[in-house]
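Report on the structure given below.
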Amino acid sequence: MAVALAVTGGGGQYNGRMTWFVVLSCMMAAMGGVIFGYDIGISGGVTSMEPFLKKFFPEVYRKMKVDTKISNYCKFDSQLLTSFTSSLYIAGLVATFFASSVTKVFGRKPSILTGGAAFLAGSALGGAAFNVYMLIFGRILLGIGVGFANQSVPLYLSEMAPPRYRGAINNGFQFSIGIGALVANLINFGTENIEGGWGWRISLAMAGVPASILTLGALFLPETPSSLIQSSSDHDKAKQLLQRVRGTTDVEAELEDLIKASSISKTIKHPFKKIIQRKYRPQLVMAIAIPFFQQVTGINVIAFYATLLFRTIGIGESASLLSSVVTGVIGAGSTFISMLIVDKFGRRALFMVGGIQMLISQILIGGIMATQLGDHGTVSQGYAYLIIILICIYVAGFGWSWGPLGWLVPSEIYQLEIRSAGQSITVAVSFIFTFIVAQTFLSMLCHLKAGIFFFFGGWVIVMTAFVYYLLPETKNVPIEQMENVWKEHWFWAGIVGEEDEKIKIQGVGD
């Protein structure tokens, strides 16, 4: 049975439909996003719960409750507390390079399965933790799970999706992250007032629910046609799967492109050496720049420490957690809107609109906090609500631009021979700078104070200009024909075009 959404064969497109087979497979794979989002939401929420702080981070609890001399911006400045959040990303960084080999040699499905199992073990350890070392070791296992999932799931979604709907399906990964974060915020809000102060255990252990779904679901996931062709010479099996995925028997054009890409890929023994060659320069730049810019939007300031920010401006514990729920709803909703419009309006337009929206919000938040809060004061209730509204506007801007597109664009621009390596670089850069931001933010907040928002706002200006001048539009372009967009771009054509000329000249000489 197929959904009646036809993908025509003209204009560089392949024949096929958006089938239920694709939809259900991608929904299951996207649970990898749910576990990532759940962890982001949970880690941000439990670090504001007083019983959790009292048990694992008593020095932070003392500064928050007793020390009246310390600045509002410095109450939560603790390297041990930030290590709780950031340890996951160091583990994820290391894991993604192992995941690259697993994804390429064994397929996308085993990598997804490994990620789910590691995350499940980490959630059990976190929920049962009785000291900070056990807590952080659990975070490391969670990081391994996220590293494998983030490496494989975006590739899986891009390879399964028809080109015409690839943006919507791949944006489902970020939407799943948003859903995971929203559920986590709701659970935090519900467990915060449990008598005995052990509600944080439920919050941490409940991460095992989406991890179990992902692990069990991965057992039933089909491999992608690209992965089958890459790992086997049985093209008939790949053809049958492709016909089922596309809902048509006329898949010869797409199959031919996949076989051609696989043939090139199999000649590449060292993809990480290959990707640094001049002909892949645009992809390498994007593999590094896009995840870097995604992190320096400042979103993790909100994702990890929103509740602490709300406590900083004088909002109570329960109200802070409820405010995080509201921002979670806004984030998930805006990402869903992005899914609906990304293949109509394109990637560049959403990047531009989202960048401007985030910049204006950050400038206003920084201005209000600089003029109204101070080191030892509080903002009025009216200004506190205005800051929450501005944060929601900021989250919405990220939700339909750098959030989903930061995963979509890198996953769709790589040729098959460098795809696994390119995705590993993207995930690694994302983890490196997520770790740096998570580890340094509370200290930066203490030293820069309200200026932290102007710092991230400056980066938003840079990244918006980068997209405007250097990122070509990739909507509706089949993933196996993506290299052509660089040859037609005003800047990149001079780089990849020169390389093509050299190859042609060498071929004539031979």
To check you understand the geometry: which heavy-atom pair defines the closest contact between I169 and A161, and what is its length?
CD1-CB, 3.7 Å
Taking atom types as modelled and ignoring hydrogens, do the side chains of Y414 and T426 form a donor-acceptor contact shorter than 3.5 angstrom?
yes
Check whether the side chains of S227 and E159 place a donor and an acceptor atom closer than 3.5 Å, and report yes or no.
no
Less than 6.0 Å separating the ring centroids of W459 and F466?
no
In Å and rounded to the nearest 0.5 Å, what is the OG to CD distance from S401 to Q294?
9.5 Å
Aromatic ring proximity F491/Y469, centre distance under 6.0 Å
no
Is it true that N170 and S411 share a donor-acceptor pair across their side chains at a distance under 3.5 Å?
yes
Mind listing the closest non-hydrogen atom pair of Y394 and T297 along with its distance?
OH-O, 2.9 Å
Answer with yes or no whether the side chains of S152 and T103 bring together a donor and an acceptor at under 3.5 Å.
no
Does CZ in R244 sit with more than 12 non-hydrogen atoms of other residues, nucleotides or ligands closer than 6.0 Å?
no
Between I35 and A149 the two heavy atoms that sit nearest each other are CD1-CB, 4.3 Å
Between E412 and T474: side-chain donor-acceptor atoms closer than 3.5 Å:
yes
Between F431 and Y89, what is the ring plane arrangement, given parallel below 30°, perpendicular above 60°, and tilted in between?
tilted
Decide if atom CE of M27 counts as having more than 12 heavy atoms of other residues, nucleotides or ligands within a radius under 6.0 Å.
no
With side chain to side chain contact (heavy atoms under 4.5 Å, CB included) as the test, pick out the partner of W492 among K487, Q283, M286.
M286
Please tell me whether F52 and F56 form a close aromatic pair, meaning their ring centres lie under 6.0 Å apart.
yes
Has the side chain of T96 got a donor or acceptor atom that lies under 3.5 Å from a matching backbone atom of L93?
no
Which heavy atom of L219 sits nearest a heavy atom of K109, and at what distance?
O-NZ, 3.0 Å
SB check E254 R246 (cutoff 4.0 Å):
yes
Sub-3.5 Å donor-acceptor pair from the side chain of R348 to the main-chain atoms of L471, do we have one?
yes
Closest approach of P225 to L258 (non-hydrogen atoms, all atoms of both residues):
CB-CD1, 4.0 Å
What I want to find out is whether E483 reaches K279 closely enough, with some N-O distance under 4.0 Å, to be called a salt bridge.
no
Between I112 and A218 the two heavy atoms that sit nearest each other are CG2-CB, 4.0 Å
